[in-house]
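In what follows, a single structure is set out as structure tokens and then discussed.
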Amino acid sequence: MNIHEYQAKELLRQYKVATPDGRVAVDAENARQITKEFGGQSVVKAQIHAGGRGKGGGVKFAKNPDEAAELFKKMLGMTLVTHQTGAEGRKVHTVFISNPVDIEKELYLAFLVDRGSSRITLMASTEGGVEIEEVAEKTPEKIVKVVIDPAIGLSGFQARQAAFALGLSGDAFKKAVTFLQNLYRLFVEKDCAMVEINPLVITKQGDVVALDAKIGFDDNALFRHPDVLAYRDLNEEAPEEVEASKFNLNFIKLDGNIGCMVNGAGLAMGTMDIIKYHGGSPANFLDVGGGATEEAVKNAFRIILGDKEVKAVLVNIFGGIMRCDIVANGIVKAAKEIGITVPVVVRLEGTNVEEGKKILAESGYNLIVGNDLKDAAEKVVASVK
Ligand code: ADP
Ligand code: MG
């Protein structure tokens, strides 16, 4: 799960990680008021779960309180397109007013879980403010990686190594070391997957502050953090994915036209591969999991059919714990209650497969049976051609 910059900064403050003062404005008048409190100038920042806002027009400097109010009005409700949002962009529901900072240097800093070493890794670079992917491609030597031993944590010498690599000295060096240690504590205690500070700024006054903050959390650990879960913003998630999560179903939106209902993530991958192999393209996949009920299968169908791109559906179920007759009954229920408007190809295998096939055959609905996975894939691809 990801959160907004303003929420990330609330967490930073809890952990005594320095960040400029800032508040969410509820309306234009409030934006004006906050800017006054900051001494008459502010930075007005659109809150969406995507980076590159600066270049896309989502971060603007206000020279006076009236300008802040104007910028607030323009930004709220606008569709912001950045290189991370895709062409459709994201609607701005929240606007954050930040105290401006006199920037001396923009640096880059991140903690993330490195799968290669299975350890939390600190990444630091003097090339802040720009996309780190670009730095990694063109000047990889400018990124320093520090791998952290989980039993020891971020040790003093490692924090100093990173601060040194950032080209810091004197007071800023000491402040950066404290900054890193507090940020690492946040990362571990809140079960983060990624914390990115870009830019980390050295101010003209010599302070070290997080000007931007992006935090992602390990979804499997969210149950331990109700405070973090409260930050969830459903506006930032695909509506179908939100709907599916209500029924403990996993829905992933893709860009083709064949809807896929499967059980298990591995089978989902295999199903998508075989659709592609036969010249088709998946619109989504919905994983009903191991022990879904008829009701869940019906809802899965409703969600798949709710995707306007879907021109046909492939149901590919391997009945292990999941029983094929339950799947078949769920499909028939969906046909009865929701109506099925596109070709549906069903391939069932495993526990109670004969009962399942019988239920489908006797249902009176036009459900196409796939004799095996290859046959099913060919039939579903042919149905959209
Ligand atoms: P994004 O990464 O989405 O583009 P940032 O928060 O990093 O958004 O802002 C983009 C740029 O805007 C920063 O690199 C910085 O130069 C400037 N900026 C952002 N917030 C402030 C601030 N409080 N004071 C001064 N400049 C800022
Ligand atoms: Mg940034």
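Note that ligands are numbered from 1 as they come in the structure, with each ligand's atoms numbered from 1 the same way. Worth saying up front: this structure is predicted, and the values here are computed from it rather than measured.
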Just distance, no hydrogens or angles: give the donor-acceptor pairs under 3.5 Å from side chains in residues 346-353, sequence neighbours left out.
residue: Arg347; atom: NH1; partner: Asn316; partner atom: OD1; Å: 2.8
residue: Thr351; atom: OG1; partner: Gly319; partner atom: O; Å: 3.1
residue: Thr351; atom: OG1; partner: Gly320; partner atom: O; Å: 3.1
residue: Asn352; atom: ND2; partner: Asp325; partner atom: OD1; Å: 3.1

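When only non-hydrogen protein atoms are considered, atom 9 (O) of ligand 1 lies nearest to Val59 CG2, 3.9 Å. With hydrogens left out, the protein atom closest to atom 17 (C) of ligand 1 is Leu211 CD2, 4.3 Å, a heavy atom. The protein heavy atom nearest to atom 14 (O) of ligand 1 is Glu106 OE1, 3.1 Å. From the protein, the heavy atom lying nearest to atom 8 (O) of ligand 1 is Arg53 NH2, 3.2 Å. In terms of protein heavy-atom proximity, atom 22 (C) of ligand 1 is nearest to Val43 CG2, 3.5 Å. When hydrogens are left out, the protein atom nearest atom 24 (N) of ligand 1 is Val101 N, 3.0 Å; that is the closest non-hydrogen contact.
One N or O on the side chain of Thr35 and one on the backbone of Ala31 form a donor-acceptor pair closer than 3.5 Å.
Within the listing of ligand 1, atoms 1 (P), 2 (O), 5 (P), 6 (O), 7 (O), 8 (O) sit less than 4.0 angstrom from a heavy atom of Asp212. Residue Ser98 approaches ligand 1 through these ligand atoms, each under 4.0 Å from one of its heavy atoms: 23 (N). Contact atoms of ligand 1 toward Asn198: 7 (O) (distance under 4.0 Å to a heavy atom of the residue).
Considering every non-hydrogen atom in both Pro20 and Ala210, the closest pair reads CD-O, 3.1 Å.
In the displayed structure, Phe164 atom CZ is contacted under 6.0 Å by at most 12 heavy atoms of other residues, nucleotides or ligands.
The CD atom of Glu337 sits 13.0 Å away from the CZ atom of Phe301 when rounded to the nearest 0.5 Å. Rounding to the nearest 0.5 Å gives a distance of 10.5 Å between OG of Ser98 and CD1 of Ile34. Put simply, CG on Leu168 and CD1 on Ile202 are 4.5 Å apart, with the number rounded to the nearest 0.5 Å.
Residue Thr82 places every heavy atom at 4.0 Å or more from ligand 1. Look at Lys45 and you'll find a heavy atom under 4.0 Å from some atom of ligand 1.
In summary, the aromatic rings of Phe111 and Tyr184 are positioned with their centroids under 6.0 Å apart.
Asp212 contributes OD2 as its N, O or S atom closest to the Mg ion (ligand 2).
Exactly one residue among Lys9, His49, Glu10 makes a side-chain contact (heavy atoms from CB on, under 4.5 Å) with His4. That residue is His49.
The protein reaches atom 19 (C) of ligand 1 closely, with a heavy atom under 4.0 angstrom from it.
Considering backbone and side-chain N/O atoms, Gly54 comes within less than 3.5 Å of an N/O atom of ligand 1.
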